[in-house]
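To find a chain, count down the sequence lines: A is the first, B the second, and so on, and within it residues start at 1. Scope of the values below: all heavy atoms of this structure, side chains included, with no hydrogens, waters or symmetry mates.
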Number of protein chains: 2
Amino acid sequence: MSAISLPLVSEVPDSGMGIGDVARLTGLGADTLRYYEREGLMLDSTPRDGAGRRRYSSADLSWIGGLLMLRDTGMSVADMRTLAELSRAEGTERERLVVLESHRQRVVEELARTMRHLEALDTKISAYREAVGPATREVDSGRTER
Amino acid sequence: MSAISLPLVSEVPDSGMGIGDVARLTGLGADTLRYYEREGLMLDSTPRDGAGRRRYSSADLSWIGGLLMLRDTGMSVADMRTLAELSRAEGTERERLVVLESHRQRVVEELARTMRHLEALDTKISAYREAVGPATREVDSGRTER
DNA sequence: AGTTGACATGGAGTTCACTTCAGGTCGCAG
DNA sequence: CTGCGACCTGAAGTGAACTCCATGTCAACT
């Protein structure tokens, strides 16, 4: 649900943006953003303004974009934390690469499996169409939207 | 994890098979099978032998195969229950078809989204390979501290 | 000055899909 | 007959990832 292409961090003011704006932009919910920070998923504790409120920079935004990409490909919070920890330490590029590559491997496998299952699903659907279709000869655009 | 092609229900004896065997065959765990039954995911309460133990028929096996296909494409237990309920009632073929088709729709979208994210992941990996690769010419034996 | 709305914190609560547990029943090998 | 292992039930527990709540602080309007 929710396509997260992160509209290219359109102009984050130098003062940064508030958590509400980031929530709206990422679709993440302010609670979730705070939760992610608590869980050590951010590169560093988000800087605060005078009143103690978080101010996200465009760098934060693109990091979050990366998190979303990882999450939506099924990476666990624990693994994202690992990656964040590595990214906080210098000279860990190789390790990060290992994490990303093994994640990629899992994603590809998952993708393949889902596609196989989709075929099975299609077969089942065809069977139903066969059984029911004779009267259903109208719907077929692939859009079962309302 | 776990490819579930259900080795074509190879010869289920007329007496049916025990829950342990089904577990081994489906990779599902006896507890999960009982849980699914409790949740109303089976077509009917699995018949029991004299001692009250479940005996799965080959029909049960293939139904379970269907459940696995649905589950692995991300269908919730609640939706699988809905489908089971419909399948228990006669003349609901059209409704079942609707459920399956809208599920298919979601699967296809999810698939597309994951593929987009995979590309982003690949881009990120390439960047890391670029940054790290030049030195990656040999197997990194020791720990790269600092 | 007062009200409003966004944001803060620590902690509790929720949802989902299982998984484990405690205690009991059978069928069969020895 | 005695174990042993497989199975049974109802209920409680688990882990992941949020999500909500009570209470409190500020900044900015009107």
Side-chain angles (χ1 to χ4, degrees), chain A residues 1-2 4 12-13 15-42 44-57 60 64 67-84 103 106 110 117, chain B residues 1-2 4 13 15-42 45-57 60 64 66-84 103 106 110:
Chain A
M1 305 84 201
S2 82
I4 299 116
V12 177
S15 51
M17 38 195 328
I19 198 171
D21 298 325
V22 178
R24 249 157 268 136
L25 218 78
T26 59
L28 263 186
D31 283 317
T32 305
L33 284 165
R34 290 190 207 102
Y35 162 69
Y36 279 3
E37 190 177 328
R38 261 203 316 286
E39 293 298 312
L41 265 49
M42 300 301 290
D44 35 45
S45 304
T46 315
R48 312 308 183 89
D49 67 8
R53 286 167 343 204
R54 293 170 179 78
R55 297 267 95 193
Y56 292 84
S57 68
D60 291 325
I64 292 171
L67 289 181
L68 286 176
M69 176 271 279
L70 293 172
R71 182 190 76 161
D72 283 10
T73 46
M75 185 179 278
S76 68
V77 166
D79 283 359
M80 291 193 283
R81 176 167 41 236
T82 298
L83 206 45
H103 177 61
R106 283 192 299 275
E110 159 91 26
H117 286 317
Chain B
M1 301 81 197
S2 82
I4 299 116
S15 50
M17 39 196 327
I19 197 169
D21 297 325
V22 178
R24 248 156 270 137
L25 218 77
T26 59
L28 263 187
D31 286 316
T32 305
L33 285 165
R34 285 191 282 259
Y35 162 69
Y36 279 2
E37 190 177 327
R38 260 203 316 285
E39 292 298 312
L41 266 50
M42 299 301 290
S45 304
T46 314
R48 312 309 182 87
D49 65 10
R53 284 167 344 205
R54 291 169 180 79
R55 297 267 94 193
Y56 292 84
S57 68
D60 292 324
I64 292 171
L67 289 181
L68 286 176
M69 176 270 279
L70 293 171
R71 181 190 76 161
D72 283 10
T73 47
M75 185 179 278
S76 69
V77 166
D79 284 359
M80 292 195 282
R81 176 168 41 237
T82 299
L83 206 46
H103 177 61
R106 283 193 299 274
E110 158 92 26

d([atom1], [X]; [atom2], [N]) in whole Å:
X	N	atom1	atom2	result
A:Asp72	D:dA17	CG	P	13 Å
B:Met17	D:dA6	CE	C1'	14 Å
A:Glu39	D:dA17	CD	C1'	9 Å
A:Asp21	C:dG5	CG	P	17 Å
B:Asp49	D:dC7	CG	P	10 Å
A:Leu33	C:dA8	CG	C1'	14 Å

Would you tell me whether B:Ser57 and B:Asp60 have side-chain atoms, one donor and one acceptor, within less than 3.5 Å of each other?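 Yes, side-chain donor-acceptor contact under 3.5 Å.
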Looking only at side-chain N and O atoms, does A:Glu37 offer a donor or acceptor that is under 3.5 Å from a partner on A:Thr46?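 Yes, a side-chain donor-acceptor pair sits under 3.5 Å.
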Does a side-chain heavy-atom distance below 4.5 Å link [X] with [Y]?
X	Y	value
A:Leu67	A:Arg71	no
B:Asp21	B:Tyr56	no
A:Arg53	A:Arg48	no

Ignoring backbone atoms, establish whether B:Arg54 has a side-chain N or O less than 4.0 Å from OP1 or OP2 of D:dC7.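 It does not, given that no N or O in the side chain of B:Arg54 lies less than 4.0 Å from OP1 or OP2 of D:dC7.
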Where is the tightest heavy-atom contact between [X] and [Y], given as atom of each residue plus distance?
X	Y	result
B:Val77	B:Leu41	O-CD1, 3.7 Å
A:Ala23	A:Ala30	CB-N, 3.8 Å
A:Ala84	A:Met42	CB-O, 4.2 Å

Base, sugar-phosphate, or nothing for A:Arg34, non-hydrogen atoms under 4.0 angstrom?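 The answer is base, as A:Arg34 lies within the cut-off (heavy atoms under 4.0 Å) of a base atom.
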Taking protein heavy atoms under 4.0 Å as touching, what does nucleotides 13-30 of chain C look like 5' to 3' if B marks base contact, S marks sugar-phosphate-only contact and - marks none? ----BBBB-----S----
Relative orientation of the end axes in the helix from C:dA1-D:dT30 to C:dG30-D:dC1, expressed as an angle to the nearest 10° (five pairs per end):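 Roughly 10°, once rounded to the nearest ten degrees.
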Residues two or more places apart in sequence or in another chain: which of them pass salt bridge (charged side-chain N to carboxylate O under 4.0 Å, His left out) with B:Glu39?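 B:Arg81.
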